[in-house]
Amino acid sequence: MMKVTLPKLKSKKGTEKISMVTCYDASFARLVEKAGIDSMLVGDSLGMVIKGDENTLNVSIEEVAHHVRAARKGAQDPFLIADMPFGSYQSSVEQGIESAVKLIKAGAEAVKVEGGSEVCPLISKLVSFGIPVVAHVGLTPQYVHEFGGFAKRGKSEKECKFILDSALTVEKAGADMIVLEGIPETLAADITGKVKIPTIGIGAGNDTDGQVLVIYDLLGMNADFNPSFLKKYLDLDSLVTNALKEYKKDVVDGK
Ligand code: KIV
């Protein structure tokens with residue numbers, strides 16, 4: 001595989017769909033690269049799938065940087081995006097710049113921030129310093145307490161307008177791509193048609209410029225996690241459990 005750069009990713013809009021998965025370590029990064037996936041996201045979802053938290057709020061910038069270093073060691077070719085975790089950019093633009101610089105120094109090629117107009121001053125500043133930014137609108141997990149959970153967004157016309165306006169605003173501020181999470185397919189299609197930058201969907205239908213999934217989810221790591229948008233490509237839950245059972249038996253049997 002060849003190195004995937006931001007210009008290459010952006011040039012895919014309208015011609016070829018962009019594949020993205022989350023990735024948190026070198027072992028999976030190696031396989032992500034072998035599979036020819038365009039981009040890996042060191043998401044703050046690591047709080048849930050790695051640390052076992054109920055939401056993404058308790059992830060620190062140091063933790064994301066730690067996983068960025070690991071993923072980067074495992075693969076050079078996929079374009080590596082790092083999440084700016086909750087509390088690493090909300091205080092001020094300066095705090096956001098410092099946090100983004102840590103992630104870029106750790107090996108990220110872009111940072112992702114959640115929100116609309118409230119993150120635009122930060123987006124503009126970051127891109128002015130050559131730090132690419134992926135925006136994230138719709139079901140933004142860092143707003144879980146405001147939303148009251150992880151249910152889909154865009155259920156009313158007013159909410160749809162807010163999400164569309166947010167997408168247009170972050171594009172205007174200089175965002176290089178936008179993640180559209182947990183919104184109606186029609187809204188995602190509308191946004192994708194209206195912005196010039198690539199949209200990457202998760203739970204947003206098929207009409208975005210690309211798709212992202214949490215790697216453990218698509219590999220079926222947890223049999224009890226079955227959101228309607230998730231297609232599982234493997235049943236790692238039972239494969240791993242059965243392998244571990246066999247291993248245990250061999251140990252117990254002295255083999
Ligand atoms: O944290 C994450 O993994 C994400 C993706 C699900 C988009 O933000």
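Remember, it's 1-based here, ligands and their atoms both numbered in the order they're listed. All values below were derived from every heavy atom in this structure, side-chain atoms included, with hydrogens, water molecules and symmetry-related copies excluded.
Heavy atoms from both the backbone and the side chain of D44 come within less than 4.0 Å of ligand 1.
At a 3.5 angstrom cut-off on N or O pairs, D83 counts as close to ligand 1.
We find that K8 and E16 are not joined by a salt bridge, their nearest charged nitrogen and carboxylate oxygen being 4.0 Å or further apart. Ion pairing between a basic and an acidic side chain is recognised when a charged N comes within 4.0 Å of a carboxylate O; E181 and R153 show no such pairing.
Judged by distance alone, with hydrogens and angles left aside, the side-chain atoms of E98 form no donor-acceptor pair with the main-chain N or O of Q95 at under 3.5 Å. In terms of modelled atom types and a separation under 3.5 Å, the side chain of E159 and the main chain of K155 share a donor-acceptor contact. Side chain of D38 to main chain of I18: no donor-acceptor pair is present (N/O by atom type, distance under 3.5 Å, no hydrogens or angles).
Remark: minimum distance from atom 8 (O) of ligand 1 to any protein heavy atom is reached at K112 NZ, 2.9 Å. The nearest heavy-atom contact from the protein to atom 6 (C) of ligand 1 is I202 CD1, 3.7 Å.
Between F28 and Y216, the distance separating the two ring centers is shorter than 6.0 angstrom.
With atom 4 (C) of ligand 1 as the reference point, the heavy atom nearest to it among L41, L46, T140, V214 is part of L41. In this structure, of G43, S45, P85, the residue bringing a heavy atom nearest to atom 3 (O) of ligand 1 is S45.
Near T22, with a cut-off below 4.0 Å to any heavy atom, the atoms of ligand 1 are 3 (O).
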